[in-house]
Amino acid sequence: MHLKSFVLLSLAVGILGCKKDVSKVEGNRAVPAKAAPANGSDTILFGHVASLTGEQATFGLSSDEGIRLAVEEQNARGLVRGKKIAVKTYDDQGKSEEAAIAATRLIVEDKVTILLGEVASTRSLAFAPIADEKKVPMISPSSTNPSVTKIGGKTRPYVFRVCFIDPFQGTVMAKFVRNNLKLSRVAILKDVGNDYSVGLADYFAKKFVELGGTVISEQSYKDGDQDFKAQLTQLRSKKPEFIYVPGYYTSVALIARQARQLGIKAPFGGGDGWDSAKLYEIAQGALNGSYFSNHYSEENQDPLLQNFIKNYKAKYGAVPDALAGLAYDSANLAIDAIERAKDMSPEAIRQAIEETKGFRGATGTITMDADHNPVKPADIIEIRNNRGTYNTTVEP
Ligand code: PHE
């Protein structure tokens with residue numbers, strides 16, 4: 001059995017076995033933590049909101065593994081302010097409403113010290129206002145849309161992230177296509193129900209046009225769509241040299257396969273949402289010659305990253321994706337901030353996260369800027385032989 005399916009199955013068994021929680025949760029399923037999850041006086045509880053099932057299940061599963069590895073390593077090293085760390089995860093099934101319910105429950109019922117999650121910007125946006133209102137610090141490992149931490153020109157006081165943001169990621173790819181690949185006619189295919197996809201498409205297009213290129217066609221789809229032939233036929237008639245698809249892996253892989261069936265040969269490009277082993281499984285080679293921007297490459301020789309990869313492999317038997325690395329960093333940054341905070345109040349922890357400077361994570365060094373975003377480089381991954389290979393690193 002494939003490892004991820006095994007993990008999924010074990011989680012499902014765990015979930016079904018956890019009757020009491022299920023009946024209380026109304027749609028959010030509790031994943032039992034190994035240690036007693038109660039936020040008693042001897043534990044600091046982290047709450048994780050994650051898509052453990054649904055279209056983007058690998059996002060939630062990878063993130064949860066990264067967080068649990070960080071916490072396990074910390075508990076083995078020693079106590080944090082005299083306490084052990086525990087994690088409680090609720091499955092939001094990849095749905096925004098469920099994400100908001102899960103976050104509320106973690107805050108109100110479980111009384112977590114920190115909220116970790118979500119991966120998808122749309123779902124982080126569903127509970128960022130709740131974190132602010134209830135004054136519980138939230139760290140998204142991997143949501144890249146700017147509005148997650150800043151809305152209407154105002155930084156959300158309690159919301160942070162440990163990854164770069166989409167204006168940067170879109171610019172990186174636009175420059176790469178224009179300056180490195182020397183292409184000038186691109187088409188865009190975006191997921192209109194997804195804040196991340198819509199934002200990234202815009203940032204890419206803006207930069208690409210600024211650099212003298214042309215966006216010859218812009219088409220859209222919705223998460224869950226299975227048939228993209230109408231949009232692809234439209235694109236084909238315009239003869240694009242490159243097709244930018246800033247979506248998530250399941251749709252992207254299906255789009256690429258259908259494009260090849262229609263005789264479209266142009267390479268595809270995208271962002272971090274492509275990053276999953278499932279992308280290659282579904283694409284079956286259709287994405288060879290394509291590129292995407294990502295948070296890290298396993299080929300980066302940074303000793304902290306390599307050490308994380310080694311420990312992750314030992315625990316889970318697979319190479320971590322970027323999400324696992326970012327989630328690992330989000331939990332470690334939370335621990336670091338709790339240790340630095342002047343007391344255990346939410347405001348003191350919030351302030352400690354805000355003051356983070358030069359924190360060395362597996363995915364890079366984190367210094368929070370005024371908008372609660374770290375400034376980090378992006379890697380360009382090239383797909384060859386149905387595998388992601390490191391191409392280059394772009395500094396901010
Ligand atoms: N950045 C994506 C978003 O904001 C989520 C994502 C991150 C997906 C990293 C895959 C890898 O929606």
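Note that ligands are numbered from 1 as they come in the structure, with each ligand's atoms numbered from 1 the same way.
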Please check if atom CG in Asn385 has more than 12 non-hydrogen atoms from other residues, nucleotides or ligands closer than 6.0 Å.
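No, the 6.0 Å shell around CG holds no more than 12 heavy atoms from other groups.
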With sequence neighbours excluded, tell me which residues meet ring-ring contact (aromatic ring centres under 6.0 Å, His included) with Phe127.
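Applying ring-ring contact (aromatic ring centres under 6.0 Å, His included) to Phe127 gives none.
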Show the numbers, then the answer: is there a ring-ring contact (aromatic ring centres under 6.0 Å, His included) between Tyr280 and Tyr249?
CA-CA 9 Å; Tyr280 308 105; Tyr249 58 89; over 10 Å; no
Determine whether the aromatic ring centres of residues His48 and Tyr90 are separated by less than 6.0 angstrom.
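So the answer is no for these two rings.
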Evaluate the salt bridge (Lys or Arg N to Asp or Glu O under 4.0 Å) criterion for residues Lys95 and Glu97: first the C-alpha distance (whole Å), next the side-chain angles of each, then the deciding distance (0.1 Å), finally the verdict.
CA-CA 6 Å; Lys95 297 178 188 154; Glu97 323 80 70; over 6 Å; no
Would you please write out the protein residues whose heavy atoms approach any atom of ligand 1 to under 4.0 angstrom, listed by chain and number?
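Near ligand 1, by chain and number: Phe59, Val119, Ala120, Ser121, Ser142, Ser143, Thr144, Tyr196, Tyr248, Asp272, Gly273, His295, Leu323.
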Output, in order, the C-alpha distance, side-chain angles, deciding distance and verdict of salt bridge (Lys or Arg N to Asp or Glu O under 4.0 Å) for Asp202 and Lys206.
CA-CA 6 Å; Asp202 285 350; Lys206 189 163 165 277; over 6 Å; no
